[in-house]
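Side-chain atoms are counted along with the backbone in the values below, which use heavy atoms only and exclude waters and symmetry mates. Just so it is clear: chains get the letters A, B, ... in the order the sequence lines come, proteins before strands, and each one is counted from 1. Owing to the predicted nature of the structure, the values given are computational and were not obtained by experimental measurement.
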2 protein chains.
Amino acid sequence: MPTIKLDRIDRRILAEIQRDSSISNLDLAEKVGLSPSPCARRVRQLQEAGIIDRQVTLLDQEALGLPLTIYVQVSLTNQATGILENFERQIRGFDEVMECALITGSDADYLLKVVMPDMAYYEHFLLKKLNQIDGVASIRTSFSLRRVVLRTELPLGHLQ
Amino acid sequence: MPTIKLDRIDRRILAEIQRDSSISNLDLAEKVGLSPSPCARRVRQLQEAGIIDRQVTLLDQEALGLPLTIYVQVSLTNQATGILENFERQIRGFDEVMECALITGSDADYLLKVVMPDMAYYEHFLLKKLNQIDGVASIRTSFSLRRVVLRTELPLGHLQ
DNA sequence: GGTGAAAAGCTTCGTGT
DNA sequence: ACACGAAGCTTTTCACC
């Protein structure tokens with residue numbers, strides 16, 4: 001993955017397409033003060049450099065009938081490689097798990113973020129899915145009462 | 001926000017554009033087995049119903065020089081409205097905070113996900129930013145050792 | 001990096017089933 | 001509610017300055 005130098009214009013391009021990927025190259029060029037050709041060239045280079053990953057559509061969690069978000073801290077009985085690998089494979093197969101990270105600095109091994117339609121599903125998820133995985137020792141759940149921030153835009157200030 | 005009924009085709013449309021929003025209406029129509037006109041109409045209706053939120057570009061965290069992800073549990077001295085409101089306003093102003101939720105079921109009040117370039121920034125963030133907020137009583141940090149799952153696609157299985 | 005032209009592709013109608 | 005087809009527009013992509 002080649003590291004390319006990002007100047008002020010690159011950062012403005014990234015800021016804009018992070019916020020709205022439906023913008024046309026024509027409009028993007030105008031916004032960043034460039035003509036369309038070099039603007040398109042920069043975007044292509046940012047893709048080739050691996051800085052631009054992909055374009056997605058974000059749906060509305062509540063409108064889709066998924067009002068509940070929980071954060072789950074999972075501890076395993078031990079950190080044997082097989083236990084970890086199996087746990088992670090199972091987790092990857094649960095599409096309600098939006099995020100999962102192996103963490104340190106806590107007594108838990110993994111932190112998960114999970115979305116769900118209702119409390120009945122919550123019980124099902126914990127008992128029939130999470131707890132069925134081999135090596136799961138303890139589960140601690142925190143319910144999200146209110147989402148204060150949820151961003152997909154990475155900060156760019158550190159590049160200046 | 002009107003609730004509309006989602007049939008099989010709507011779900012296939014949502015699944016596809018969640019994965020890749022750069023697809024044209026022509027290709028999308030073919031994928032879901034529709035001609036372009038009704039496909040475009042459905043997408044428009046999904047937008048008007050508030051189910052489709054927006055289109056964004058996802059950047060690569062590591063390529064951008066932000067290899068560190070931490071999860072922070074913050075406890076406040078009390079839950080007075082002013083303390084909460086001020087905390088949330090400050091947090092919203094930190095663009096390295098990717099996620100923040102008011103939570104229950106834990107001894108902490110808030111859970112944050114924060115990305116950063118290095119350990120020096122970590123110290124800066126904790127001491128000069130988080131700890132400066134009025135009413136912050138304690139901070140517990142967990143470092144992400146490995147990202148196992150990170151999705152923006154919401155599950156659709158519960159709609160069937 | 002800017003400009004302009006050409007070509008390709010897409011979306012949006014109207015019409016018919 | 002969907003399919004088809006044509007019209008009109010936007011966008012991308014060159015070659016050249």
Side-chain angles (χ1 to χ4, degrees), chain A residues 1-60 63-65 152-153 156-157 159-160, chain B residues 1-60 63-65 152-154 156-160:
Chain A
M1 181 175 300
T3 293
I4 68 171
K5 191 165 162 11
L6 301 175
D7 62 15
R8 197 170 295 105
I9 294 181
D10 288 320
R11 292 195 296 271
R12 289 178 67 182
I13 289 175
L14 292 175
E16 186 55 36
I17 64 177
Q18 272 201 115
R19 201 178 61 75
D20 176 15
S21 69
S22 69
I23 189 173
S24 71
N25 183 57
L26 233 52
D27 292 344
L28 180 60
E30 192 191 6
K31 281 216 178 195
V32 304
L34 232 53
S35 58
S37 312
C39 183
R41 191 179 327 151
R42 281 171 183 259
V43 171
R44 190 171 355 100
Q45 287 167 346
L46 290 166
Q47 284 168 335
E48 286 162 1
I51 291 175
I52 293 177
D53 183 9
R54 65 193 203 277
Q55 292 175 223
V56 302
T57 301
L58 302 180
L59 306 184
D60 187 290
L64 258 187
T152 57
E153 295 118 70
L156 303 174
L159 296 171
Q160 285 164 8
Chain B
M1 182 176 300
T3 294
I4 68 172
K5 191 165 161 14
L6 300 175
D7 61 14
R8 198 171 294 104
I9 294 181
D10 288 319
R11 291 195 297 271
R12 290 178 67 182
I13 289 176
L14 292 176
E16 186 57 37
I17 63 177
Q18 267 199 311
R19 202 179 60 75
D20 177 14
S21 69
S22 70
I23 189 172
S24 71
N25 182 57
L26 232 53
D27 291 344
L28 179 61
E30 192 191 7
K31 281 216 176 194
V32 304
L34 232 53
S35 59
S37 316
C39 183
R41 186 173 29 217
R42 282 171 183 260
V43 171
R44 188 169 3 96
Q45 288 168 344
L46 290 167
Q47 284 169 335
E48 285 162 2
I51 292 175
I52 293 178
D53 183 9
R54 63 193 205 277
Q55 293 175 222
V56 301
T57 301
L58 302 180
L59 306 184
D60 187 289
L64 259 189
T152 57
E153 295 119 69
L154 290 166
L156 303 175
H158 66 107
L159 296 172
Q160 285 164 8

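In terms of the side-chain hydrogen bond (donor to acceptor under 3.5 Å, both in side chains) criterion, residue partners of B/Asp20 (sequence neighbours excluded) are, by chain and number, B/Ser22. The side-chain hydrogen bond (donor to acceptor under 3.5 Å, both in side chains) search around B/Glu30 returns none, not counting sequence neighbours. Taking B/Arg41 as the reference, B/Pro38, B/Arg44, B/Gln45 meet the side-chain contact (heavy atoms from CB on, under 4.5 Å) condition, with sequence neighbours excluded. Looking at residues two or more places apart in sequence or on another chain, you find a side-chain contact (heavy atoms from CB on, under 4.5 Å) between B/Ile9 and B/Asp7, B/Ile13, B/Val32, B/Leu34, B/Arg42. Checked against side-chain contact (heavy atoms from CB on, under 4.5 Å), A/Leu159 has the following partners two or more places apart in sequence or in another chain: A/Leu6, A/Arg11, A/Leu156, B/Leu64. Listed by chain and number, the residues in a side-chain contact (heavy atoms from CB on, under 4.5 Å) with A/Ala40 are A/Asn25 (sequence neighbours excluded).
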All N/O contacts under 3.5 Å from nucleotides 8-14 of chain C to the protein, with atom names and distances to one decimal?
| from | atom 1 | to | atom 2 | distance (Å) |
| --- | --- | --- | --- | --- |
| C/dT11 | OP1 | B/Asn25 | N | 3.0 |
| C/dT11 | OP2 | B/Asn25 | N | 3.2 |
| C/dT11 | OP2 | B/Leu26 | N | 3.3 |
| C/dC13 | N4 | B/Ser37 | OG | 3.0 |

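Residues in residues 31-40 of chain B take part in these salt bridge (Lys or Arg N to Asp or Glu O under 4.0 Å) pairs, two or more places apart or across chains: B/Glu16-B/Lys31.
Chain A approaches DNA chain D over the interval D/dT11 to D/dC14, counting the first and last nucleotide 5' to 3' with an atom under 4.0 Å from its heavy atoms.
Taking every heavy atom of residues 12-20 of chain A and every atom of DNA chain D, no pair lies under 4.0 Å.
Rounded to 10°, the helix from C/dG1-D/dC17 to C/dT17-D/dA1 has 30° between the axis fitted to its first five pairs and the one fitted to its last five.
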Return a table of donor-acceptor pairs under 3.5 angstrom between the side chains of residues 49-59 of chain A and protein atoms on other chains or two or more places apart.
| from | atom 1 | to | atom 2 | distance (Å) |
| --- | --- | --- | --- | --- |
| A/Thr57 | OG1 | B/Ile17 | O | 2.9 |

